[in-house]
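Only a predicted model underlies this, so the values are computations on that prediction, with no experimental measurement involved.
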Amino acid sequence: MKNKLSINVLFAVLSVGVMTFGGVTVETSMNITFPTLMSEFNVGLGTVQWITTLYLLVLSTIIPLSRFLKNKFKTYNLFLFSNVIFVIGLILDAFSPNFFILLLGRFVQGIGTGIALPLMFNIILDNVPKSKLGFMMGVGSLITASASAIGPAFGGLVVNSLGWRYIFILLIPVLLISLLLGSFSIPKTFQNELHDVKFDYGSFVLIILMFAGLIIGISNISENSLLSYQVLIPIIIGVLALIIFTKMQNKSKNPILKVDILKNVSYAKYTVAFFINQLIILGLAFIVPNYIQIINKSSSSLAGLILLPGAIMGAIMSPISGSLLDRMGAKKPILTGIAMVILSLLVLFTLSSNISDTIFLVAYIIVMIGIGMSYGNLMTQGLSYLSSELTSDGNAILTTVQQFAGAIGTAIISTIITSINSSYSGGNATVGFKFALLFLLILGFIQFLAIISTKINKK
């Protein structure tokens, strides 16, 4: 591979990145529309939440197929299909006459984003020289991180000024620009050798059962007892599907996903650390605005504004930290970033009974800078422990882990807060937040230990 980064590769990454940006933006912006959709379509909160839950479920089931899709289809064909089907999903939602069509559009969009998200990182891994890999993986992380930061603000602005349907309408020309960029750049990038592999329908059904069971079961914990059938039955189904799927993949000569790469201890540690990173991001994104509104009695608009500077700083840090990895290796930027997160969480935990809006603003900025220092580098360094033939499997697992954490993260934190507060007789509503921050702090220490105990790959 040449040491120079070609313009075609940059445009290819940008074209898929724009599509991924649209997918993540529409995911995070839809949460703002729940009250409006409940009123317009006459549905309850439990029903309207499927707008997000279904989308995340589809993402989680499509992403593990990325290795199969890469071996079966040309990169450009995958890009073209995912782009077109995403646009179809946007059109369905923009003009949906009822809630069912709205859900159908979200389902279709989930397929498009589920193909595009790992495709972007596969293009980077296949085309970018090693000397620039950290930087470009950081750019990929910047795209998804900035979309997460912009999504809620974009959704609120559009809903208040134009109406919720324009969330989808305004993204259609963005996807058409992506299609134009990719049409001339992606065919000129590296194309891997295709194989005539058969699709394993049995394994795919198990993937659906696994993620549907785990996501629905864990999401139900916030409204039901841990031992209730609404929680236990879906989780048991999910765990059994996971066990059977793993055994099937290990025995198969041509598995959908080579899960045995998790036997590589170094890669597995980085996967766990990456999962924890996502949980911390989502956990704080839930804790901060709710504490500010419930405890500090500040407005929802102020709560959103307090999150925005940190989210932007974290996104900006992603390519910068990737460049640091290219120059000095992975451990220093990753451990520095994790240490910043731990120290900020420690401050918030210590002051949890009385955290001012200003302290939240500063602490969240430091946390997100730390996340930016570590996020993309965890992916880059984790994949470096695998051979080039296994990077597509490694990328699929990391991207799946990211989406799974996104699907369950908010449910776990909200359950901790509500459960602790309901069982605490003192009437202090900050106790639940204190335990939620303690949970994230413990996860931060586990993440730090996982990375510091792993030897850096010298290859």
Side-chain angles (χ1 to χ4, degrees), residues 28 31 49 52-53 56 148 152 214-215 217-226 231 235 272-298 300 302-304 306-307 310-311 314 338-368 370-371 374-375 402 404-449:
T28 54
N31 293 334
Q49 284 178 339
T52 299
T53 303
L56 291 172
S148 299
L214 292 175
I215 291 172
I218 293 172
S219 297
N220 285 343
I221 292 176
S222 60
E223 296 180 354
N224 301 275
S225 165
L226 188 62
V231 173
I235 289 179
V272 171
F274 189 67
F275 177 76
I276 290 173
N277 237 22
Q278 189 72 3
L279 279 181
I280 291 175
I281 294 170
L282 291 159
L284 279 177
F286 182 86
I287 291 170
V288 174
N290 279 283
Y291 189 106
I292 288 171
Q293 293 176 80
I294 296 170
I295 307 300
N296 293 352
K297 307 298 182 183
S298 298
S300 58
L302 178 61
I306 284 175
L307 290 177
I338 295 173
M340 293 174 70
V341 173
I342 290 174
L343 289 173
S344 298
L345 287 172
L346 186 59
V347 170
L348 291 175
F349 171 70
T350 304
L351 302 175
S352 57
S353 59
N354 185 24
I355 309 173
S356 69
D357 293 350
T358 303
I359 291 175
F360 263 128
L361 173 66
V362 175
Y364 192 72
I365 288 174
I366 296 172
V367 165
M368 294 310 293
I371 293 291
S374 58
Y375 194 80
Q402 178 189 30
F404 181 64
I408 67 171
T410 301
I412 292 173
I413 296 300
S414 63
T415 299
I416 291 173
I417 294 172
T418 54
S419 299
I420 295 296
N421 282 343
S422 63
S423 62
Y424 186 72
S425 57
N428 186 354
T430 64
V431 176
F433 289 100
K434 186 182 188 74
F435 275 87
L437 287 166
L438 177 61
F439 173 72
L440 295 181
L441 183 60
I442 292 170
L443 288 180
F445 279 113
I446 293 171
Q447 185 186 36
F448 190 88
L449 291 173

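Of all heavy-atom pairs spanning Ile276 and Gly444, the tightest one is CG2-N, 4.5 Å. Counting all heavy atoms, side chain and backbone alike, Gln278 lies closest to Gln402 at CG-O, 3.5 Å. Heavy atoms only, all atoms of each residue included: Ala405 and Leu279 are closest at O-CD2, 4.0 Å. In this structure, Ile413 and Gly283 approach most closely via the heavy-atom pair CG1-CA, 3.6 Å.
In this structure, CD1 in Ile306 is found 11.5 Å from OH in Tyr364, a value given to the nearest 0.5 Å. One finds the CD1 atom of Ile371 at 8.0 Å from the CG atom of Leu284 (value rounded to the nearest 0.5 Å). Rounded to the nearest 0.5 Å, atoms CZ (Phe275) and CD (Gln447) are 11.5 Å apart. Atom-to-atom distance recorded for Ile342:CD1 and Met340:CE is 12.0 Å, nearest 0.5 angstrom. Lys297 contributes atom NZ, which lies 7.0 Å from atom CD1 of Ile295 (distance to the nearest 0.5 angstrom). Considering CD1 of Ile292 and CD1 of Ile287, their distance stands at 11.5 Å, rounded to 0.5 Å.
In this view, Ser356 and Thr358, Ile359 satisfy the side chain to side chain contact (heavy atoms under 4.5 Å, CB included) rule, not counting sequence neighbours. Residues meeting the side chain to side chain donor-acceptor pair (under 3.5 Å) test with Asn296, sequence neighbours left out: Asp357.
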Below 3.5 Å, can you tabulate the donor-acceptor pairs from side chains in residues 432-442 to any protein atom, sequence neighbours excluded?
unit_1	atom_1	unit_2	atom_2	d
Lys434	NZ	Ser352	OG	3.2

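Counting heavy atoms from C-beta on, the side chains of Ile416 and Ile412 come closer than 4.5 Å.
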